[in-house]
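Here's the structure, in structure tokens; my notes come after.
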Amino acid sequence: MSGPSGDLPRLGADALARLVPMAAAVDAVEAALTGGGLDPEAEPARSVVGVGGGQLLLMPSATAAYAGVKVASVTPGNPARGLPRIQGLYVLLDGVTHTPLALLDGAALTSLRTPAVSGAALRHLAAPRVRRLLVFGTGPQAWGHVEAVRAVRPGLTHVDVVGRDPGRLAAFVGRCRDAGLSAAAAAPEDVVGADVVCCCTTAREPLFDSGRLAPHTAVAAVGSHEPDAREVDERLVGRATVVVESRSVAVRECGDIVRAVAAGAAAPGALRTLGELVRGEVPVPAGRPRLFTSAGMAWEDLAVAVAAYEAWREAA
């Protein structure tokens, strides 16, 4: 299989990091929403197929110029085998002829686009002078969110980290320090001093008491992409300015939203979308927290994959 220029390029994690720095990935997400023509509400739902020992996910998206599909596997038993829980491949196609153009590492693409989407939201939701970030989690998504917050709020100076594994926690704190930030292990109660809170976990119950948040704090929650999962409590959903990628996806897939609506703490009609936010259509009152909760959508993969491919083609 080959693209129009010969051998099909294969863009792995190192190539993606080089071709699309986090700031460029954030810009690519915003451009997809402001360039016209994209309606996240019209995106096809992801297909989830149960297979022995796990699931297969299929996520297609298309624009006039490009099309693409991510095929990912979720295998809970893999970590015990020394393999990633999530693996995948992204196929980028020409939007008219559907000729394959590139293959991208699906896990690396997800690890880049998810924090980039949060970064696009936080660029508009976070207070102008962010100094302190608290991160729940110590995996690739947690690190990506440190990079994303720093990309949109370069005044960030300190990272607090909440994690369950002492070794991974210490390594994450060290990584932050190596990147020029002060950092420390923290507890959920430390959200009281955070300007931004990023939740990057597989939690089934709220990670912290939202009553401890300062009025200006912005929260990005990316782990509650199943109806029975949640990272924040319903009180936060009820009192915050709440932004989602798509209203229909949020009320179907985002446990933070699903459970708050079921409890009567929030109304679907109060949700605002990321597209509205980046176009300046969402007022962000100063006296209430701000919440962005994400399920992950196929158009986001496509936007960042296109940015990587076009940067590769320019450099080739």
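Only this structure's heavy atoms are used, side chains among them; waters, hydrogens and symmetry mates stay out.
No path of Ile, Leu, Val, Met, Phe, Trp and Tyr side chains, each step under 4.5 Å between heavy atoms, connects L56 with L89, placing them in separate hydrophobic clusters. Hydrophobic clustering (ILVMFWY, side-chain heavy atoms < 4.5 Å, transitive): L8 and L93 are in one cluster. Linking ILVMFWY residues whenever their side-chain heavy atoms come closer than 4.5 Å, directly or via other members, leaves V258 and V249 in distinct clusters. Under a hydrophobic-cluster definition in which Ile, Leu, Val, Met, Phe, Trp and Tyr are linked whenever side-chain heavy atoms come within less than 4.5 Å, directly or via other members, F136 and L133 are assigned to different clusters. Taking hydrophobic clusters as Ile, Leu, Val, Met, Phe, Trp and Tyr residues chained together by side-chain heavy-atom distances below 4.5 Å, V26 shares a cluster with V117.
At least one side-chain heavy atom of V232 sits less than 4.5 Å from a side-chain heavy atom of V237. Side-chain contact between P100 and L92: absent, with no pair of heavy atoms (C-beta onward) separated by less than 4.5 Å. Looking at heavy atoms from C-beta onward, L11 lies out of side-chain contact with L109 at the 4.5 angstrom threshold. Inter-residue side-chain proximity for V159 and V135 is flagged as met; some heavy-atom pair is nearer than 4.5 Å. Looking at heavy atoms from C-beta onward, R272 lies out of side-chain contact with V244 at the 4.5 angstrom threshold. Looking at heavy atoms from C-beta onward, L181 lies in side-chain contact with R150 at the 4.5 angstrom threshold. Put simply, the side chain of R288 reaches to within 4.5 Å of the side chain of T241, judged on heavy atoms. When side chains are defined from C-beta on, D165 does not count as touching T138, because their heavy atoms never get closer than 4.5 Å.
Using modelled atom types, one side-chain atom of E245 and one backbone atom of G296 make a donor-acceptor pair closer than 3.5 Å. Distance alone, capped at 3.5 Å, places no donor-acceptor pair between the T75 side chain and the G77 backbone. Under the 3.5 Å distance criterion, the side-chain polar atoms of T217 are matched with a main-chain donor or acceptor of A214. Checking side-chain atoms of R290 against main-chain N and O of L125 turns up a donor-acceptor pair under 3.5 Å. Looking only at distances, a side-chain donor or acceptor of N78 sits under 3.5 Å from a matching main-chain atom of P84.
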From CA spacing to verdict: side-chain contact (heavy atoms from CB on, under 4.5 Å), K70, T110: CA-CA 9 Å; K70 182 167 71 177; T110 303; 2.6 Å; yes
Show your working on side-chain contact (heavy atoms from CB on, under 4.5 Å) between V242 and I257 and close with a plain yes or no. CA-CA 9 Å; V242 182; I257 305 300; 3.9 Å; yes
Step by step, work out the side-chain contact (heavy atoms from CB on, under 4.5 Å) result for S246 and M297. CA-CA 9 Å; S246 153; M297 295 185 68; 3.8 Å; yes
Please walk me through it: do D256 and R230 pass salt bridge (Lys or Arg N to Asp or Glu O under 4.0 Å)? CA-CA 5 Å; D256 289 328; R230 62 173 174 170; over 6 Å; no
As a quick check of understanding, evaluate side-chain contact (heavy atoms from CB on, under 4.5 Å) for D301 and M59, giving each step before the final call. CA-CA 9 Å; D301 293 307; M59 298 177 64; 3.8 Å; yes
Evaluate salt bridge (Lys or Arg N to Asp or Glu O under 4.0 Å) for R279 paired with E30, printing each intermediate quantity in order. CA-CA 9 Å; R279 292 192 296 268; E30 284 214 29; over 6 Å; no
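Taking each heavy atom of D160 and A186 in turn, the nearest pair found is CB-CB, 3.6 Å. Pairing each heavy atom of A187 with each of L134, the nearest pair is O-CD1, 4.1 Å. Considering every non-hydrogen atom in both P76 and G53, the closest pair reads CD-O, 3.4 Å. Among all heavy-atom pairs drawn from V20 and A25, the shortest one is CG1-N, 3.6 Å. Between V161 and V173 the shortest heavy-atom distance is CG2-CG2, 4.2 Å. In terms of heavy-atom proximity, C199 sits nearest to V219 at SG-CG1, 4.3 Å.
Every residue was checked against the ring pair (Phe, Tyr, Trp, His ring centres under 6.0 Å) condition with Y90, not counting sequence neighbours, and none meets it.
From D195, atom CG reaches atom CG of L213 across 11.0 Å, with rounding to the nearest 0.5 Å. Taken from SG in C198 to CG in L122, the straight-line distance is 5.5 Å, to the nearest 0.5 Å. With values rounded to the nearest 0.5 angstrom, T273 atom OG1 is found 8.0 Å from L33 atom CG. Put simply, CH2 on W143 and CE on M22 are 10.0 Å apart, with the number rounded to the nearest 0.5 Å. Rounding to the nearest 0.5 Å gives a distance of 15.0 Å between CZ of R177 and CZ of R175. Atom-to-atom distance recorded for E276:CD and E281:CD is 6.0 Å, nearest 0.5 angstrom.
A salt bridge (Lys or Arg N to Asp or Glu O under 4.0 Å) with R259 is found for one member of E231, E234, E226, E205 and no other, namely E205. Each of V278, V152, V149, V29 was evaluated against R123; a single residue qualifies, V152, per the side-chain contact (heavy atoms from CB on, under 4.5 Å) test.
Applying the 6.0 Å contact sphere to CZ of R204 captures more than 12 heavy atoms from other residues, nucleotides or ligands. Within 6.0 Å of the CG atom in D14, the count of heavy atoms belonging to other residues, nucleotides or ligands does not exceed 12.
Side-chain atoms of Y66 and E310 include a donor-acceptor pair closer than 3.5 Å. For the residue pair D233 and S210, a side-chain donor N or O sits within less than 3.5 Å of a side-chain acceptor on the partner.
Within the structure, side-chain hydrogen bond (donor to acceptor under 3.5 Å, both in side chains) pairs that include any residue of residues 42-53 comprise E43-S61, R46-E253 (at least two apart or interchain).
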